[in-house]
Each structure stands twice: as C-alpha cells, then as structure tokens.
Amino acid sequence: MNFPLASLDSEVLRHLNYSLGHHSKTVNHSYVYRAFAIAVRDRLVSNWLKTQERMNASDSRRVYYLSLEFLIGRSFSNAVHNLELGDAARVVAHDYGVSLEELAEQEHDAGLGNGGLGRLAACFLDSCANLELPVVGYGIRYEYGMFHQHIENGRQVEDPDHWLRDGNTWEIERPEDARRIRFYGNTTQSIDADGDIRQVLIDTHDVLAIPFDMPIPGFKNSTVNTLRLWKATATDVFDLEEFNSGSYTEAVASKNSAEQITMVLYPNDASENGKELRLKQQYFLVSASLQDVMASWVKKHGEDFTGFAEKNCFQLNDTHPACAVPELMRLLIDQYGKSWDDAWAVTTSCMAYTNHTLLPEALERWSVRLFGKLLPRLLEIIYEINRRFLKTVAEQYPGDIELQRRVSLIEEGHDPQIRMAYLSIVGSYSVNGVAQLHTDLLTAGLFSDFYKMWPGKFNNKTNGVTQRRWLAHCNPELKDLLNETIGDQWQKDLSNIKKLESSAEDAEFRVRWREVKHVNKQALAKYVNENAGVEFDPSFLFDVQVKRIHEYKRQLLNVLHCVHLYDRILAGDTQGMTPRCVLIGGKAAPGYHLAKLIVKLINDVASVVNSEPKAKDWLRIVFFPNYRVSAMEVICPGTDLSEQISTAGKEASGTGNMKFMMNGALTIGTLDGANIEIREKAGAENFFLFGLDAAEVKKTRENYRPNEIIAADPEIRRVMELVESGHFNQSEPGIFDILTRGLRDAQDQWLTIADFRSYIDAQKRVSSVYQDQEQWSRQSIINVANSGWFSSDRTIGQYADEIWKAKKL
Ligand code: 26W
C-alpha cells in the first residue's frame, strides 16, 4: 500500500489550491504552513498504516501508555527532520518567500501538559517510534491546553490557549472507533443468560468518546506510531423525558455538558484539587482506552482473556489514570462474565505504575463520597480489592492492626479518601520511580510498607529526553559540528556521543565549540529581546532557570543570588565578578498564590536591576513570559549555566537538567533527582555542587534556625534587608513580606537560607571557571560527551526489556 506522491513542491501547491482553496503564491504564511504540513503528513500516511498492520501481525506484547498529559509541542519540524525532508522543504519554502523556520513558527504548540510529566510522555513516544516498539499513547484531546501566560505590572495573567483555532493538521478523527462512557447511576443485581448473578449499572449519564489519532514518526525508519487522544461528545440519543416534555432545546444543549469533560487541561502540576470534573476526565480516558484495547482483543481472540496480560500492558503515568485498575476489573467481570480471581490475575499482570513525585500534596486522593456518586460500580470494586488485600496483610502480619490502617486503600476520617497511589501499587506488577534517588526515597519512605511486602515489584527507571528534538533539531549548529566530528549515529543511539570526549583536549575544536555557543546565544538574545524587551549581551554568562514555578524548585534562591550580585555591584565590589544575564521562566498554577508572588518578585527585581546604570555591565535579569516547549527549543542551546537548585529530596528527577547538559551547559545543582546521575556521568569536577543532601535536609529540619544564619552572615543579611526594605517595590509596601517571613521561618520546608551561603560560593566558582574560557569549553564538551545515558531511548529500552517485555516490531 504505497500511495503515489508527486514532488514536494507540487504537493504543497496542490494542497494550497485544493485542500485550502487558495490560488496565489503570495498567500499568507499561515496557509503556506498548512499546505506544507498536509504535504508532510501525506508522507507519513502509508508508513502509518503499515505500522498498524505490522503491530496487528506481530505477536509481541503491546504497550499502552496512559497519560492525562502529552506535552508534544510542535510536530512540523519534528516530522520534517525525521523524514529527512529538510533540504527539499527549505527549497520549496524559499519559493514562497519564507524560511523553513518561519513556517515552523506558524504552528501552535500542542500544550497538552503541565511540565515534566507531560513532556516525558512526549519524549517517550518519540523513543518508542525510534526503537520501533509497539506502543500506543492514550490521552485526552483538550480543547484548551496549558494556559498562555503574560505579565502585567510584573504579575502573571492567564489567557486561554485555544490551540485548535486554526485547525490541527496532525490529527485524524476516527468516529468509527467511538466508545460509550457511563457516569453516575446505581448498581443493582440481575440474572444473566447463564443464570449467574451480575452487577449492573442503571440510570447512567452517558457520554461518547471520539478518538483523534496523531502520527508519531520514528527517525529515519518506516515506523509511525500512534497517539490516540479522546474527545468527549454527547450520545445522540437525547434524554427522552426532557425531549417529550417539550424541552427539545434543553436536550440538545446537554451536548454542552458532555463536551465540558475534555474542554480544558487542569493547570496544577503539584496539587490535586479534588474537582469532580477532573475525576471525570480521568475515568473518561481510562474507560475509553481500555474498551478500545479490549475490543481489538475480542475481535481477534474472542472473549477468552487468559492470554490477554501476556500480550498487553498498560503503563500508568502517575496515578492520574489509576482508575484503570478497577475499570479493567469491571469490564472483565461485568461485561465479559469473568470470575473475580481470573479478572484479578489478568489485571495485576498487565498494569504497571510510574510515580513522579514525592510531594505529599501531589499524592492523589479522592473523596469516597464524590467517587461513589460519579462511579458507583468502581467504588464497589475498590472496596472489594481493599477487603481482599487487607485480608492477606492480616494473614501475613497477624495482629499488626496499625499496618493494616497504614496500607489500607481507604484513608479513614470524617471524609474518607481513596489513596490512588496505593490502589496503583496493589493493582500493578511493577512500580517505578524516575531517578535512582527518587526510587530509593520511595522504597525507604512513602511506599516502605509495600516495599517490604513485595520488594520485587519496585524498580528504577531514570528519566531521559529525546536527543532528536532536544539536540539535533533545536541545535542545528551543534548537530553539524557533532556529525562532522563523530558521525551522525548519535541521533539514533546517543551512547555514540561518548566519542566526543577526546575533542575536549583539542584547542581548535574548542574554538569551534565556542563559535557554536556564540551563535546560539545571539539567537537567544534576540528571542529574549523580542519577547521581554530586555537586551542580553552574548559575551555575558547566560544563567538560566526555566521550569514550573514552585517553592521546592527554589526560584527564590536564584533571585536572592541576583539581589546579592546587585548589592555587590552597588557597593563597587565587582572583583572577580563575571557579567551575567539571568533568565528565569515558568508558569505558576493559577491558584498557587505564593508561586505567583515569586513571579512578581522576579519581575520587580529585574526592573530595578535593569534600570540601574551601575549594573549595566554586570547583570541583566529577565522573566521570560509564557515558557513552553517551543521556547525551550531556543533557550537550551543558548544556555551556559543550568540552574537545578531544588531542595534535595524534592525533585523526583528533572528532565530540563538533561536537555541543558546535551546542549553544552554546565550545571549548578543540589544532590537531587537526576542531578546526582548527571554529576556521576559528567564527573564531579565538571558540575557545580552546593547545598545539603537529602539526608542532611531531613536532619536540618529538626533544628533549623534561619534567623541565626542570616544574622551571622553579613552578605545574606544585606540581601534580606534589601528585599524587606521595599527597595524592589516602593509603591506596594510589604508586598513580599509573606516570602521573606517564610524564608526566616524555622518551619520553612525548603531550607532556602540553609543553602544560600553554599550557593553563593558555588556561583563564585562558576564565575571564575567562566573567566577561563578554555577550561569552560573543556568542561562543556565533557558534559555533552557524557550525556548519552540521558537519552529517552536508553530509558525506553529499559522499560521495554524490564517492565514491558515488549519486542521491536
Ligand atoms: C494535578 C495534580 C498533579 C500532581 C502531580 C499533576 C501533575 C503531577 C506531576 C506528578 C508533576 C510532575 O510533572 N512531576 C515531574 O515529573 C517529571 C517526569 O518524571 C520529573 O522529572 C519531575 O522531577 C517531576 O516533578
């Protein structure tokens, strides 16, 4: 099945004419982009269909990656790159008077995720396609993705992100695969055809799930995998009662309430807010996806599910899709008439769970009351799972009532809660953390009771990122230099990048290395100027922290350091100082007031510093608005110093840290998450370490006296006094008091003041190494040469071998 395609230029013209209805070549860039995108997409279609056939024919186990978030960003240049269409596309674009880069910028980011967890899912899909693994992503097609952020008077303002406004070339609607999702109602018993008692759900409110498929192209191979995103819509059977009572319009309007389910992505990345609509989204995704997978099983194997788990596996991206455990039980028992024991054997052999956070406030719990109202049958099943589980605990550890209370799937209290992480652990055969430290902390802390019961269930899979997006196509200058130096195999297999290491000692190579960085810094400076109106000087050190704004990530520590530099500049103490451009970017959850106040502080410090003539030659600060995937593609190639400064024990892994490393930045960081592994691979001498480690953090909390630290260190004291005096915001006295009081509070969870001195000293080491450009280049090259471990191809290889037991197509 090869569909004949003409040359790219005639295909683009044909789509401009016949798909979009435009005739001239002077049409606007948006239409040219769309014609291009369709022409590129056409080149994926036959391999896409073939990949589906190969998947159906293969007897490998198939994997379904269930995630409420896929932060894929743009697809156009990714597809052009993977199909090796770059040269041809450049020429055709030129005919339309536009560069390929300008065309690419026409595409809206698919911002269907918050941050790390969603972007990881996108990198994983890319790696699965590169490795030709039979993996399908299942997610939600949010009408509105992550909000757009702009800054007004230093504060974050959110605007809706209607990313589908100009259409989405990369999706194909498949109404024939629609699934019915049932909410609310009551459970009752009935007798089935065999005379057996069955639980049935009646009086439900039903919604349809319509799939939209997006192609995920492999790199220079013929594999095109699928990301299937579900959209909610009304069933066309209208509510008869409403209909007959003359409420025709009301009945039609109910369409609206169905479509609400997939209207908007929840923009919280660390605290679950317990909203019913969010639980609806979770169940909607899970039920539609499981029904989809089971329907294709039944088509091939009939209703015998004994071999199902051997051939199918569901990876749960955090607990957001944890309803998959009781939903698979429900489908097997209620729909296909299986016994509890058979259903449980299948379920616990095909579910695997990844945890992405240690923060207690991010651990999902659902009120039993709310859950039982929305999903009454699932609640019954969860109770039964728990009853049986606690019975085995009682048998294994007789008399340990306290243990039973601790591990129960239900947290008792005046408003009992379902613990979704525990449900996921009990229902899965594999539980993993996302960096070695994170996994160690999980098994020793949060999940220790379960680890003692089932040590073999737990494993680590250190995160990774795709070097195709995060090196080859975001940093073409470096790509070319690498290809010339070590060949181009690293794009397929990043372990090859180790060959670069010897070039660190080659002085001519280091000159070229710096030339590449310089070009990227110029591009970043231009981008900063266009988006934030601040001039960055490419001869300064570019010091960057971009990620969600959160107390534990300690953007505050970064700002305090900026204030310290500013204080030194004002005092004329610039001995040994290195001129810096500091860039901070990221979104705060709309309801997270402290995080929003941190954004305001960064902006206010930036505006005072940037308008101080004495600071001009030493320090520029910018808060970069609306940080997103496509912004990172410009930011990471131009970065010298990567800020990874979370309180040790809080950042599960981090993945931005890996993108910066691949692009030649050096890291200043704590012993947290994957920073530890980055430092191990790069060598301690090529990493700027500071701060308490996770064990010390725990110990320090017992007797923490930040005020004494502040009083004893004049430099720190002056920084606090500058902020507290209102120097950075004269018109709103006391506005930052909540922040400074938090820093001085003995209960401060994040120990910012405890790490401040060590951070200042590490930044001094950064400054002095940067002044030796030869040394900086050596260390930068060594970092890149040792970034092979952080390819998501390595991570996915481990998931495939150790958890999924899935084989290459
Ligand atoms: C709405 C509730 C909620 C709660 C937690 C939404 C999202 C979360 C995620 C677990 C937050 C998240 O993105 N975690 C990040 O996952 C990355 C990929 O594993 C890690 O690299 C980051 O360290 C971790 O913070």
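Keep in mind that the numbers below use all heavy atoms, side chains included, and drop hydrogens, waters and symmetry copies. One-based numbering, in listed order, for ligands and for the atoms of each.
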A.B. asks: Say whether T354 and Q315, considering side chains only, have a donor N or O and an acceptor N or O under 3.5 Å apart.
C.D. replies: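 Per modelled atom types, T354 and Q315 side chains form a pair under 3.5 Å.
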A.B. asks: Between N130 and D793, does the side-chain hydrogen bond (donor to acceptor under 3.5 Å, both in side chains) criterion hold? Intermediate values first, please.
C.D. replies: CA-CA 8 Å; N130 181 50; D793 298 344; 3.1 Å; yes
A.B. asks: Do any N/O atoms on N463 end up under 3.5 angstrom from N/O atoms on ligand 1?
C.D. replies: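 Yes, there is a polar N/O contact under 3.5 Å.
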A.B. asks: Nearest non-hydrogen atom to atom 20 (C) of ligand 1 belongs to which of G673, A589, G654, G116?
C.D. replies: G654
A.B. asks: Does the Lys NZ or Arg CZ of R141 fall within the cation-pi geometry relative to F212 - under 6.0 Å from the ring centre and within 45° of the axis?
C.D. replies: yes
A.B. asks: Assess the side chains of W230 and T262: does a donor N or O sit below 3.5 Å from an acceptor N or O?
C.D. replies: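 Note: W230 and T262 side chains miss the donor-acceptor criterion.
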A.B. asks: In ligand 1, which numbered atoms sit nearer than 4.0 Å to a non-hydrogen atom of Y552?
C.D. replies: 25 (O)
A.B. asks: Measuring from atom 15 (C) of ligand 1, which candidate in E69, H356, M658, H438 has the nearest non-hydrogen atom?
C.D. replies: H356
A.B. asks: May I ask you to check whether over 12 heavy atoms, not counting those of Y451, lie within 6.0 Å of atom OH?
C.D. replies: no
A.B. asks: Pairing donors with acceptors under 3.5 angstrom, does anything connect the side chains of E643 and Q763?
C.D. replies: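 Side-chain D/A pair, E643 to Q763: present.
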A.B. asks: With atoms numbered from 1 as shown, which atoms in ligand 1 lie under 4.0 angstrom from a non-hydrogen atom of D318?
C.D. replies: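 Reading through ligand 1 atom by atom, the close ones are 10 (C).
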A.B. asks: Students should be able to answer this: which protein heavy-atom is nearest to atom 2 (C) of ligand 1, and at what distance?
C.D. replies: E272 OE1, 3.2 Å
A.B. asks: Does either side chain, that of E69 or that of Y266, offer a donor lying less than 3.5 Å from an acceptor on the other one?
C.D. replies: no
A.B. asks: Classify the side-chain pair S287/E327 by whether it contains a donor and acceptor separated by less than 3.5 Å.
C.D. replies: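 The answer is yes; a qualifying pair exists.
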A.B. asks: Kindly confirm or rule out an N or O of K553 lying under 3.5 angstrom from an N or O of ligand 1.
C.D. replies: no
A.B. asks: Where does the angle between the aromatic ring planes of Y64 and Y138 fall among parallel (under 30°), tilted (30 to 60°) and perpendicular (over 60°)?
C.D. replies: tilted
A.B. asks: Using a strict cut-off of 4.0 Å, indicate which atoms of ligand 1 neighbour a heavy atom of A652.
C.D. replies: 23 (O)
A.B. asks: Just need the protein heavy atom nearest to atom 6 (C) of ligand 1, so name the residue and atom and give the distance.
C.D. replies: N268 O, 3.3 Å
A.B. asks: CD of E361: more than 12 outside heavy atoms within 6.0 angstrom?
C.D. replies: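 Yes, the 6.0 Å shell around CD holds more than 12 heavy atoms from other groups.
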A.B. asks: Using a 4.0 Å heavy-atom cut-off, which part of E364 comes near ligand 1: side chain, backbone, both, or neither?
C.D. replies: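 Neither part.
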A.B. asks: Identify the protein heavy atom lying closest to atom 25 (O) of ligand 1, giving its residue, its atom name and the separation to 0.1 Å.
C.D. replies: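 Its nearest protein heavy-atom neighbour is E651 OE1, 3.0 Å.
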A.B. asks: Considering only protein heavy atoms, which is closest to atom 12 (C) of ligand 1, and at what distance to one decimal place?
C.D. replies: L117 CB, 3.8 Å
A.B. asks: Is the closest N or O pair between D269 and ligand 1 shorter than 3.5 Å?
C.D. replies: no
A.B. asks: Decide whether an N or O pair under 3.5 Å exists between V434 and ligand 1.
C.D. replies: no
A.B. asks: Can you tell me if R548 has a non-hydrogen atom under 4.0 Å from ligand 1?
C.D. replies: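 It does not, in that no heavy atom of R548 comes within the 4.0 Å cut-off of ligand 1.
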